[in-house]
2 protein chains.
Amino acid sequence: MHSFTEENYLKVIYHISQTEPGTVQTNAIASGLNTKAASVTDMLKKLADKQLIDYIKYQGVTLTEKGKIAAIKVIRKHRLWEVFLVDKLKFRWDEVHDIAEELEHINSSILVERLDDFLGFPKRDPHGDPIPDQHGNFEPSAHIHLHEIAKGKKGIIIGVSEHSSPFLIHLEKLGLTIGVTIAIDGITAYDGSVELLVNDQKINVSRKVAQHILVKLEEAQ
Amino acid sequence: MHSFTEENYLKVIYHISQTEPGTVQTNAIASGLNTKAASVTDMLKKLADKQLIDYIKYQGVTLTEKGKIAAIKVIRKHRLWEVFLVDKLKFRWDEVHDIAEELEHINSSILVERLDDFLGFPKRDPHGDPIPDQHGNFEPSAHIHLHEIAKGKKGIIIGVSEHSSPFLIHLEKLGLTIGVTIAIDGITAYDGSVELLVNDQKINVSRKVAQHILVKLEEAQ
DNA sequence: AATAATTTTTAGATTTACCTAAAACTATTA
DNA sequence: TAATAGTTTTAGGTAAATCTAAAAATTATT
């Protein structure tokens, strides 16, 4: 089995490779894990020895098939536990990330399968992220980031790409939660903030916030 | 907070001090944790520094109040997770120990309280052990070990003092589960095994097994 | 009380994951 | 293309938790 730490590295490498194309850089991993580049280099050697990543000095890394499977397993667990916390234990969506961060390392495949069953085989976690099934398969959601949407378009919020408590509490206050229908009223030239219409109410969202809101556009009629 | 390892030491020290009177010896801790006496000595110094135990060289240790509270917190978590696994995820009582051993180290007091609520504030875990409440209080069950009961007495099985899968599966096969009423038919002089009557059926239980079955005697009429 | 047996502790190493500081690469740009 | 800036790696070290082997203390036995 992989250590707690190894799993965290794999997870972060996976996430970075999903958002940025090409190989994953040492510094990106370091900042994702709040650690130093030198520490990352040490671990990359170890992960390469275990054939979880392909690693070329100074060039960055990519996950091997084996590494990708391991990463997805951790992500599956993380997201299932988040559903458990919100659906069963009545946590809010902004409270669950850190606890799931611990629970995701519990090592028992029977446990994961039983939990999945208990939760009714959910397809999405409380932040709208897809939950891989036991074979690691999931449909990536066809989303667009809010700040990239053109004026006049309509859509539904289907997820967020940041899970920190302050960010999610802010969204909650704005009424921007998953499932909410929005229309883009315009983009402010000065600061890049986005003008939205939500239930006929005008809402201004900073560019930084908009970057982390995932939207599914309404089909063109 | 205390490390994973420190918590395990505290838990084992607590358990040993419950079963044997007096101070807890280094070797007892070592065998309880499958480690070596030298490693235990190292850790005892550390726990003493943190004022979790009172430690006198060569004399053994006792938990301080602070140490006892920490130990009971871990035990509370362990037992609540066991209830979760059996009641909600439909695990058998012989499958839950190892998983709970991991879950007990998850660090979130809100989580524990929510879980307790979700489970309906259970008083006992699947092995009959009492679950401490959030202040650490619990009623220790007035039990007697099966091998110590005199011929002719009757009682109800209320718990077990071993949680290993082989032991519990064995009990299951014999029909000796929690809640079952038994009568002592006699004790075999030759090997100390116990003759039981369960639903008018004669059952022979080895002394080793009897030692780990906890019984509440029927009130004398 | 002296010796033997047992238990516990110390001494010195190992492994994992981390660190800082310096060296070695790679990329940028003047 | 040579200098500079930025990134990554190496070198050497630390802390936690473990180990073996040897020394010290305690307990039991003659």
Side-chain angles (χ1 to χ4, degrees), chain A residues 1-14 16-17 19-63 67 70-71 74 101-102 104-107, chain B residues 1-13 16-17 19-63 67 70-71 74 101-102 104-105 107:
Chain A
M1 258 313 103
H2 312 118
S3 75
F4 194 103
T5 314
E6 285 166 357
E7 287 190 345
N8 281 334
Y9 272 84
L10 294 173
K11 198 181 51 163
V12 164
I13 294 167
Y14 181 86
I16 296 168
S17 64
T19 45
E20 284 151 52
T23 61
V24 176
Q25 306 306 125
T26 303
N27 265 348
I29 299 169
S31 79
L33 286 164
N34 272 306
T35 184
K36 297 297 153 72
S39 311
V40 174
T41 302
D42 283 349
M43 182 56 87
L44 294 184
K45 285 178 195 158
K46 198 177 158 193
L47 295 175
D49 281 350
K50 290 194 169 192
Q51 314 203 305
L52 293 162
I53 58 172
D54 290 316
Y55 171 45
I56 303 165
K57 262 195 197 179
Y58 294 101
Q59 306 290 221
V61 301
T62 51
L63 289 173
V74 178
E101 206 74 356
E102 292 191 53
E104 73 190 7
H105 300 292
I106 301 291
N107 203 315
Chain B
M1 257 314 103
H2 311 119
S3 75
F4 193 103
T5 313
E6 285 166 357
E7 288 191 344
N8 281 335
Y9 272 84
L10 293 173
K11 196 181 54 165
V12 164
I13 294 168
I16 295 169
S17 65
T19 45
E20 283 152 50
T23 62
V24 176
Q25 307 306 124
T26 303
N27 265 348
I29 299 169
S31 80
L33 286 163
N34 272 308
T35 184
K36 296 297 154 71
S39 312
V40 174
T41 301
D42 284 350
M43 182 57 86
L44 294 184
K45 284 179 196 157
K46 196 177 159 192
L47 295 176
D49 281 351
K50 291 194 168 192
Q51 315 203 304
L52 293 163
I53 58 172
D54 291 315
Y55 170 46
I56 303 164
K57 263 195 194 178
Y58 294 103
Q59 306 291 212
V61 300
T62 50
L63 289 173
V74 178
E101 207 73 357
E102 292 191 54
E104 73 190 6
H105 300 292
N107 205 314

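Because only heavy atoms are used, hydrogens play no part in the values below, and waters and symmetry mates are left out as well, while side chains stay in. Everything numeric here is computed off the predicted structure, so don't read it as measured data. Throughout, protein chains are lettered first and strands after them, A, B, ... in sequence-line order, and every chain is numbered starting at 1.
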K.L.:
Would you give me the side-chain donor-acceptor pairs under 3.5 Å for residues 47-57 of chain B, sequence neighbours excluded?
P.N.:
unit_1	atom_1	unit_2	atom_2	d
B/Lys50	NZ	B/Glu6	OE1	3.1
B/Lys50	NZ	B/Glu6	OE2	3.1

K.L.:
Could you pull out all residues at least two apart from B/His2 that satisfy side-chain hydrogen bond (donor to acceptor under 3.5 Å, both in side chains)?
P.N.:
none
K.L.:
Heavy atoms under 4.0 Å, any strand shown: does A/Tyr55 hit a base, just sugar-phosphate, or nothing?
P.N.:
sugar-phosphate
K.L.:
Enumerate the protein-to-nucleotides 21-27 of chain C contacts in which both atoms are nitrogen or oxygen and the separation is below 3.5 Å.
P.N.:
none

K.L.:
Can you sort out the partners of B/Phe4 under ring pair (Phe, Tyr, Trp, His ring centres under 6.0 Å), two or more places apart, ordered by chain and number?
P.N.:
B/His105
K.L.:
Go through it in stages, so that I can follow the logic: the residues are A/Val40 and A/Met43, the test is side chain to side chain contact (heavy atoms under 4.5 Å, CB included), and I'd like the CA-CA distance, side-chain angles, deciding distance and then a yes or no.
P.N.:
CA-CA 5 Å; A/Val40 174; A/Met43 182 56 87; 5.8 Å; no
K.L.:
OP1 or OP2 of D/dT18 versus the side-chain N and O atoms of B/Ser39: is any pair under 4.0 Å?
P.N.:
no
K.L.:
Please evaluate residues B/Leu10 and B/Val74 with respect to the criterion side chain to side chain contact (heavy atoms under 4.5 Å, CB included), reporting the C-alpha separation (whole Å), side-chain torsions for both, the decisive distance (0.1 Å), and the verdict.
P.N.:
CA-CA 9 Å; B/Leu10 293 173; B/Val74 178; over 6 Å; no
K.L.:
To the nearest 0.5 Å, tell me how far A/Asn107 CG sits from A/Ser3 OG.
P.N.:
11.0 Å
K.L.:
Let me know the distance between NZ of B/Lys36 and C1' of D/dT20, rounded to the nearest Å.
P.N.:
8 Å
K.L.:
Can you list the residues that meet the salt bridge (Lys or Arg N to Asp or Glu O under 4.0 Å) rule with B/Glu20, with sequence neighbours excluded?
P.N.:
none
K.L.:
For B/Asp42 and C/dA13, give me the distance from atom CG to atom C1', rounded to whole Å.
P.N.:
12 Å
K.L.:
Among residues 5-12 of chain A, which residues get a heavy atom nearer than 4.0 Å to DNA chain C?
P.N.:
A/Thr5, A/Tyr9
K.L.:
Could you state the CG-P distance from B/Leu33 to D/dT18, rounded to the nearest angstrom?
P.N.:
8 Å
K.L.:
Give the residues of residues 21-31 of chain B touching DNA chain C, defined as any heavy atom closer than 4.0 Å, sorted by residue number.
P.N.:
B/Gln25, B/Thr26, B/Asn27
K.L.:
Using atom types as modelled, flag every donor-acceptor pair under 3.5 Å from a side chain in residues 22-36 of chain B to any protein atom, sequence neighbours excluded.
P.N.:
unit_1	atom_1	unit_2	atom_2	d
B/Thr23	OG1	B/Gln25	OE1	3.3
B/Thr23	OG1	B/Gln59	O	2.9
B/Ser31	OG	B/Ala28	O	3.3

K.L.:
Report yes if a side-chain nitrogen or oxygen of B/Thr35 is closer than 4.0 Å to either non-bridging phosphate oxygen (OP1 or OP2) of D/dC19; otherwise report no.
P.N.:
yes
K.L.:
5'-most contact on DNA chain C: B/Lys45 or A/Phe4, nearest heavy atom basis?
P.N.:
B/Lys45
K.L.:
Quick one: are A/Glu7 and A/Glu104 in side-chain contact, heavy atoms under 4.5 Å?
P.N.:
no
K.L.:
What heavy-atom pair brings A/Ala71 and A/Tyr14 nearest, and what distance separates the two atoms?
P.N.:
CB-CB, 3.8 Å
